[in-house]
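If you're wondering where the values come from, they're calculated on a predicted model, not measured in any experiment. First listed ligand is number 1; within each ligand, the first listed atom is number 1.
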Amino acid sequence: NMFLPGGGTGFIGKALVDTLKRAGHEVTVISRTQAPGRITWNEISKSPLPECEAVVNLAGKNILNPLKRWNETFLQELRQSRIETTQTLASKIADAAVPPKVFVTSSAVGYYPASETEEYTEDFPPSSADTLTRLCKDWENSAKLPDNCTTRLVTLRIGVVLGRSGGVIQQTIWPFWFGLGGVIGSGKQHFPWIHIDDMTGIITHSLDNDHVTGVLNAVAPEIVTNERFTKEYGSVLWRPTLIPAPSFALNIMFGTERAKILLEGQKVIPKRTLEMGYRFKFPELKAAMKNILS
Ligand code: NDP
């Protein structure tokens, strides 16, 4: 029975597709570009949803691309690539003659306002504190299905995904390898992280288990600060981490709205994820970093 992941060509998507294929599932990726084994967003929006077991959405334009200036056009692209793709899938699922069993959509820990003291579980109400909390709120709302729809909806609030083939580790491995890594800003901000194997693990747990519904925080149970992450990163590579990335430089490079992602953080707890029976393969940072970097 077919699985249909949107954004299945990305960092998380590729890892998910590998996992699904290894488990013997048939997979068709939804992408902007045509290729064997893919279907385009254009095709999806123009015809009924192909009959499938599950739909996942992992599409989204990369936020932390320093080459892209933070302006209204860029923000629109960030929103469109997440909200329109999710909305398209939700409306196709609602109209499907045979709807899929489950729809897993992504959101991010940016749903929660940055804070050094607040502890966030999944039941925290939506916030309009800033551009990113609003983006995540609208992104989650765009996945809503009508009440009479039988498809189970699972929304994942994803933390910083750690893996060799993409995301923050791929972007920073060379500076850290050359001993040029260091804390970001004060280093005291929380750093909600998750190992890529647990990221795909939570998705497949959601796909496979009928009792899993609603919002799950996709973050590891061990809560760390940026400083702790930086030290662990350097120590696993046997490299010093003495060169800090000061706030003003990041504000210039990314723009203040976006630099917040790096300079501020959220203390996020995977409460429902654990209650829903997910067992983390890498609950602790040290073992996760050793696994990724060695
Ligand atoms: P990637 O940056 O690897 O991108 C995922 C896919 O999104 C791409 O392969 C691309 O597919 C598609 N995409 C890119 N730009 C657009 C666009 N303008 N319109 C439509 N589709 C687009 O993302 P990740 O795998 O790292 O993340 C997946 C999702 O999880 C994203 O929505 C991201 O915001 C979210 N997330 C990720 C985190 C992380 O640390 N990685 C943390 C928190 C949330 P194609 O080219 O085939 O169309």
Side-chain angles (χ1 to χ4, degrees), residues 4-19 27-45 55-68 73-89 104-112 114 120 131-133 135-140 142-143 154-173 190-200 202-203 206 215-220 226 229 258 260-262 265-266 268 270 288 292:
L4 203 60
T9 54
F11 168 40
I12 304 172
K14 263 195 224 146
L16 176 67
V17 170
D18 285 351
T19 308
V27 182
T28 300
V29 166
I30 315 170
S31 166
R32 287 166 302 170
T33 48
Q34 215 148 23
R38 291 192 199 170
I39 182 168
T40 63
W41 288 104
N42 209 7
E43 287 164 330
I44 286 280
S45 63
V55 177
V56 180
N57 196 17
L58 291 163
K61 190 183 180 72
N62 182 6
I63 295 191
L64 286 176
N65 179 351
L67 302 175
K68 289 277 182 178
T73 317
F74 183 63
L75 182 60
Q76 274 316 317
E77 285 173 18
L78 293 180
R79 291 180 63 90
Q80 257 170 20
S81 60
R82 291 171 174 77
I83 295 170
E84 275 180 23
T85 53
T86 307
Q87 221 158 30
T88 303
L89 292 173
V104 178
T105 72
S106 38
S107 172
V109 291
Y111 171 91
Y112 305 111
Y120 294 116
T131 313
L132 291 169
T133 59
L135 167 66
C136 292
K137 181 180 67 168
D138 297 344
W139 190 6
E140 292 186 12
S142 67
V154 182
T155 304
L156 305 178
R157 292 193 186 131
I158 305 173
V160 182
V161 183
L162 305 181
R164 258 318 256 280
S165 55
V168 74
I169 300 282
Q170 194 189 49
Q171 284 182 329
T172 56
I173 183 106
H190 294 289
F191 185 83
W193 64 278
I194 181 166
H195 188 290
I196 182 74
D197 291 356
D198 281 317
M199 189 60 241
T200 54
I202 292 174
I203 299 175
S206 306
V215 179
L216 304 185
N217 284 337
V219 297
N226 172 266
F229 168 70
R258 189 164 44 151
K260 275 188 181 180
I261 301 174
L262 301 166
Q266 305 87 349
V268 182
I292 291 163

> Is there a side chain to side chain contact (heavy atoms under 4.5 Å, CB included) between Ile202 and Ile194 once you walk through the steps?
Replying inline: CA-CA 10 Å; Ile202 292 174; Ile194 181 166; 3.7 Å; yes
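- Residue Val29 is tested with Leu58, Leu16, Thr9, Val56 for a side chain to side chain contact (heavy atoms under 4.5 Å, CB included); the sole match is Thr9.
- Counting non-hydrogen atoms of neighbouring residues, nucleotides and ligands closer than 6.0 angstrom, the NZ atom of Lys68 reaches no more than 12 such neighbours.
- For the side chain to side chain contact (heavy atoms under 4.5 Å, CB included) with Val55, the lone residue among Ile44, Leu4, Val104 that qualifies is Leu4.
- Checking Glu140 against Thr155 by side-chain atom types alone, no donor-acceptor pair falls below 3.5 Å.
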Ligand 1 polar-atom proximity to protein (N/O, under 3.5 Å):
{"residue": "ligand 1", "atom": "3 (O)", "partner": "Phe11", "partner atom": "N", "Å": "2.9"}
{"residue": "ligand 1", "atom": "7 (O)", "partner": "Gly60", "partner atom": "N", "Å": "3.1"}
{"residue": "ligand 1", "atom": "9 (O)", "partner": "Thr9", "partner atom": "OG1", "Å": "2.7"}
{"residue": "ligand 1", "atom": "9 (O)", "partner": "Gly10", "partner atom": "N", "Å": "3.1"}
{"residue": "ligand 1", "atom": "11 (O)", "partner": "Thr9", "partner atom": "OG1", "Å": "3.0"}
{"residue": "ligand 1", "atom": "15 (N)", "partner": "Arg32", "partner atom": "NH1", "Å": "3.4"}
{"residue": "ligand 1", "atom": "25 (O)", "partner": "Phe11", "partner atom": "N", "Å": "3.2"}
{"residue": "ligand 1", "atom": "25 (O)", "partner": "Ile12", "partner atom": "N", "Å": "2.8"}
{"residue": "ligand 1", "atom": "32 (O)", "partner": "Ala59", "partner atom": "O", "Å": "3.1"}
{"residue": "ligand 1", "atom": "34 (O)", "partner": "Arg82", "partner atom": "NE", "Å": "3.2"}
{"residue": "ligand 1", "atom": "34 (O)", "partner": "Arg82", "partner atom": "NH2", "Å": "2.8"}
{"residue": "ligand 1", "atom": "40 (O)", "partner": "Val161", "partner atom": "N", "Å": "2.9"}
{"residue": "ligand 1", "atom": "46 (O)", "partner": "Arg32", "partner atom": "NH2", "Å": "2.8"}
{"residue": "ligand 1", "atom": "47 (O)", "partner": "Thr9", "partner atom": "OG1", "Å": "2.6"}
{"residue": "ligand 1", "atom": "47 (O)", "partner": "Ser31", "partner atom": "OG", "Å": "2.6"}
{"residue": "ligand 1", "atom": "48 (O)", "partner": "Arg32", "partner atom": "N", "Å": "2.9"}
{"residue": "ligand 1", "atom": "48 (O)", "partner": "Arg32", "partner atom": "NE", "Å": "2.9"}

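- Of the N and O atoms on the side chains of Arg157 and Tyr120, not one donor lies less than 3.5 Å from an acceptor on the other residue.
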